[in-house]
There are 2 protein chains.
Amino acid sequence: MPSDGATRTQGAPQTGRRSTTVNPRAAHLAMALHCVAEQSGEISRAGISAATGLNRSTACSLIEELIDGGLVREVRDTGTTTRVKAGRPGTGLGLRDDGPAGLGIDVNVDYTAVCVVDLTGKVRYKHVVSEDQRGQGTREVLDRIARLARGAQNAAEDDGLILCGSAVAVPGIVDRRGATVTLAPNLGWHDLDVAEVLPADVHGERATLDNEANFAALSEQDLIRDGASYLYVSGQIGVGSGIVLDGRLYRGAHGWSGEIGHLTIDRDGPECPCGRRGCLERYAGHEAILRAAGVTAGAGTMLGVRPTAELIAGRAAAGDPATLAALARAGQVLGFALAGCLNLLDVGTIVLGGIYRDLAPWIGPEVEREVRAAFLGARWAQPEVRAAAYGAEAPALGAARSVVRDVINDPMRWLAR
Amino acid sequence: MPSDGATRTQGAPQTGRRSTTVNPRAAHLAMALHCVAEQSGEISRAGISAATGLNRSTACSLIEELIDGGLVREVRDTGTTTRVKAGRPGTGLGLRDDGPAGLGIDVNVDYTAVCVVDLTGKVRYKHVVSEDQRGQGTREVLDRIARLARGAQNAAEDDGLILCGSAVAVPGIVDRRGATVTLAPNLGWHDLDVAEVLPADVHGERATLDNEANFAALSEQDLIRDGASYLYVSGQIGVGSGIVLDGRLYRGAHGWSGEIGHLTIDRDGPECPCGRRGCLERYAGHEAILRAAGVTAGAGTMLGVRPTAELIAGRAAAGDPATLAALARAGQVLGFALAGCLNLLDVGTIVLGGIYRDLAPWIGPEVEREVRAAFLGARWAQPEVRAAAYGAEAPALGAARSVVRDVINDPMRWLAR
DNA sequence: GAGCGTATGTTGTGCCCAGCAACAAATAGA
DNA sequence: TCTATTTGTTGCTGGGCACAACATACGCTC
């Protein structure tokens with residue numbers, strides 16, 4: 001007998017049950033929850049069985065676990081749907097709107113926004129603080145974020161929700177793991193761990209970070225994973241984009257994907273702060289549009305991005321010739337650049353976000369014309385160009401949704417909390 | 001008693017065991033096979049257990065199944081590795097080179113190539129027929145493909161291999177499912193089902209189709225899935241590319257991704273058959289290089305792509321000033337275009353394939369300079385520009401490898417044959 | 001309204017398969 | 001030769017899914 005207790009000859013014991021490798025139960029729970037989310041309130045256990053191919057008894061067991069975990073509930077008052085088929089009617093299943101919720105935070109140059117989204121994708125809390133953070137210290141800004149996060153948490157709890165994670169959108173570059181801010185020039189941040197300042201009880205796990213264009217892109221994606229590919233173009237101070245390919249956000253080898261603002265339009269064009277000439281931003285950035293529309297540069301730089309877009313949109317709606325010409329020109333150049341992206345990526349849809357959303361009535365047709373003229377596949381499939389569903393709130397909303405999506409895609413992590 | 005036999009109240013019976021949904025056994029078999037492939041001959045059952053986190057008994061069971069299925073074998077003569085540790089030495093496991101193999105076919109304008117690759121990634125058979133197919137009928141070309149495929153199959157069987165699938169690379173556009181050729185202008189094909197002409201006993205399943213640039217891109221990828229992202233640029237008659245993101249080929253919403261040949265370099269540049277002006281192909285396509293180097297256009301059009309590249313490379317190696325200037329110019333323009341792609345996609349590596357591979361000594365440095373000057377992330381990470389490992393054989397090789405990769409990624413499909 | 005057909009939700013059973021522990025086997029070192 | 005150590009193998013256990021049978025709840029018909 002070498003020592004007391006059992007002789008350990010098998011190496012380190014596995015933690016729990018096959019959590020390190022493949023977990024079919026987790027996958028099945030996710031499948032069932034997806035079905036419920038897709039047709040919330042209109043699907044029964046038997047329907048899930050049919051949709052997933054799992055046995056009815058298995059579907060029943062999965063649903064029981066999801067109900068016990070507070071993610072799903074039976075909805076009995078489905079009086080709206082008239083029964084036509086014979087047989088025992090199924091009990092409708094729907095997502096709970098008093099379960100886990102995601103916290104999204106958008107830190108920008110002149111405002112900070114937070115929002116809370118529940119399982120069904122509904123926005124349950126929203127708060128925006130407009131304040132120029134350029135003159136302030138990093139500590140000060142981080143403290144404000146933490147304060148806003150706590151406020152959102154309190155509001156969510158009062159509403160019966162449980163925050164299960166948080167995500168922060170920043171105007172800058174984030175490392176590939178989504179852990180630290182590599183560089184956010186307009187905030188004066190570099191190599192900053194934003195997640196650590198968020199109160200620990202808000203998230204349980206560390207907050208996820210990403211570029212605001214990436215999170216804004218996710219705000220356009222349905223909560224249920226579909227495999228669509230699209231390019232979300234975000235007009236802000238610069239021009240950025242978020243790339244969603246086959247339903248997944250593509251962040252790039254270093255997390256720097258989507259930098260289209262400095263695509264060269266004309267090698268002999270105007271100089272750009274990046275050191276080169278004729279970059280897209282110099283034609284279709286908000287400042288370029290302002291200047292072309294005849295708004296004085298001095299006023300433009302003091303205005304935030306949002307009011308600028310509204311101002312331009314107002315002038316365009318009033319029929320101001322200079323503004324209309326400026327927007328047409330910006331749309332042409334933007335469309336020219338996007339056509340190249342489209343030939344490379346072959347995404348089916350281009351979504352105009354940021355200031356381009358408000359300006360879409362004037363920019364959109366120009367973009368569409370350019371894109372259709374230059375897209376090589378245009379003979380067989382017309383790419384769609386459309387305005388984003390959300391404006392300034394898109395990054396915060398997308399961030400919050402990404403948290404919720406994580407729960408829907410892997411409910412077992414929530415159940416095992 | 002309603003009828004004879006058991007009353008079916010559970011809907012359609014499941015086929016086998018959870019094959020329709022999540023199959024952990026299949027995933028574990030793939031994990032084990034991946035481990036064997038990564039360190040063929042140098043890993044034991046215990047090593048697989050350690051690498052995967054699965055229990056040693058489970059690893060043992062998985063390996064037994066893989067050995068019985070003819071994918072893995074024990075290698076006993078590992079006399080090279082000197083044992084240093086105490087304890088019973090493990091029996092080495094390696095991929096069998098007499099098991100399943102993949103057939104790759106490359107149909108091009110002036111040649112057709114087939115190759116057979118075994119599980120270890122080794123090329124076991126290769127055959128190229130040079131013949132200009134432009135004047136020939138579709139039926140004629142398809143018959144030649146079928147004949148070449150049968151020849152490859154016979155050779156493979158004589159070599160102890162079992163073809164388990166085939167893939168066909170075509171110079172054109174393929175539908176998203178990889179089932180039919182939408183358009184291959186140089187072959188005069190459209191909406192053609194190439195797979196159906198291949199003898200049924202060659203593949204068991206239908207052959208997979210894809211663009212030659214896509215398959216060529218896959219020839220650069222290691223057989224073991226790593227998550228690398230790179231852009232494979234293929235210089236042929238036109239300029240195409242294959243995009244590999246996070247280890248997966250991205251084919252686009254319609255399967256048309258990677259069309260960089262018509263990115264606009266100069267809106268006032270020379271006319272292009274595509275109807276626009278100043279496309280990349282007009283500067284860096286093989287014909288443009290020929291013309292700039294002073295080779296007469298008449299001779300150039302009659303030459304195949306491959307001899308052209310060798311001719312140019314020969315002149316460059318001999319120090320011909322016109323040729324060197326032409327290549328430098330082509331490299332600059334190509335690098336300029338690729339820098340834009342890099343800012344959009346943030347792939348870590350650019351691979352120069354097709355004719356660019358042979359011309360890489362002269363084009364590569366120019367491309368690298370342009371890319372580093374224009375890539376926004378260049379301050380933090382230098383993108384790598386390198387020549388492809390394979391030249392003309394890349395598409396056929398990549399196609400064959402894709403078949404083998406499918407087996408390695410899902411060995412259960414092979415085992416259940 | 002009773003009976004029948006039909007679809008749903010639930011429960012017990014068997015089986016696959018991964019983890020666990022013990023054991024036989026094979027080596028290095030004392 | 002003996003011991004320590006690592007490997008490969010073999011019963012055993014338990015989770016979880018398919019399967020089948022049953023209870024339940026409706027529409028439809030007479």
- Query: NA contact type, A:S61, heavy-atom cut-off 4.0 Å: base, sugar-phosphate, or nothing?
  - Reply: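 It contacts nothing in the nucleic acid.
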Carboxylate-amine/guanidinium contact [X] [Y], below 4.0 Å:
X: A:R45; Y: A:E64; value: no
X: B:R413; Y: B:D406; value: no
X: B:R96; Y: B:D98; value: yes

- Quick one: is B:H28 getting a side-chain N or O under 4.0 Å of the C:dC17 phosphate, OP1 or OP2?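 False: B:H28 side-chain N/O out of range (4.0 Å or more) of C:dC17 OP1/OP2.
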If you round to the nearest 0.5 Å, how far is [atom2] of [Y] from [atom1] of [X]?
X: A:Q153; Y: A:L103; atom1: CD; atom2: CG; result: 8.5 Å
X: A:L397; Y: A:S402; atom1: CG; atom2: OG; result: 10.0 Å
X: B:I162; Y: B:D118; atom1: CD1; atom2: CG; result: 12.5 Å
X: B:S61; Y: B:R25; atom1: OG; atom2: CZ; result: 3.5 Å

Please report the distance, rounded to the nearest Å, between [atom1] in [X] and [atom2] in [N].
X: A:R56; N: C:dT11; atom1: CZ; atom2: P; result: 13 Å
X: B:I43; N: D:dT7; atom1: CD1; atom2: P; result: 11 Å
X: B:L62; N: C:dC17; atom1: CG; atom2: P; result: 10 Å
X: B:I48; N: D:dT6; atom1: CD1; atom2: P; result: 19 Å
X: A:L415; N: D:dG16; atom1: CG; atom2: P; result: 12 Å
X: A:N55; N: C:dG14; atom1: CG; atom2: C1'; result: 13 Å
X: B:L66; N: C:dC17; atom1: CG; atom2: P; result: 13 Å
X: A:R45; N: C:dT11; atom1: CZ; atom2: P; result: 11 Å

- Let me know, please, whether B:A46 or A:T58 comes out on the 5' side of the other along DNA chain D by nearest nucleotide.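 Result: B:A46.
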Distances under 3.5 Å between protein N/O atoms and the N/O atoms of nucleotides 4-6 of chain C, please, pair by pair.
| residue | atom | partner | partner atom | Å |
| --- | --- | --- | --- | --- |
| C:dT6 | O2 | A:G87 | N | 3.4 |

- Please say whether more than 12 non-hydrogen atoms of neighbouring residues, nucleotides or ligands are located less than 6.0 Å from CZ in B:R73.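 Yes, the 6.0 Å shell around CZ holds more than 12 heavy atoms from other groups.
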- Which of these, B:V407, B:D68, B:L71, B:D410, sits in a side-chain contact (heavy atoms from CB on, under 4.5 Å) with B:L415? B:L71
- For DNA chain C, which consecutive runs of 3 or more Watson-Crick or G-U pairs (each distance under 3.5 Å) count as stems? C:1-30 with D:1-30
- Distance-only donor-acceptor test (3.5 Å): side chain A:S57, base D:dC19: yes
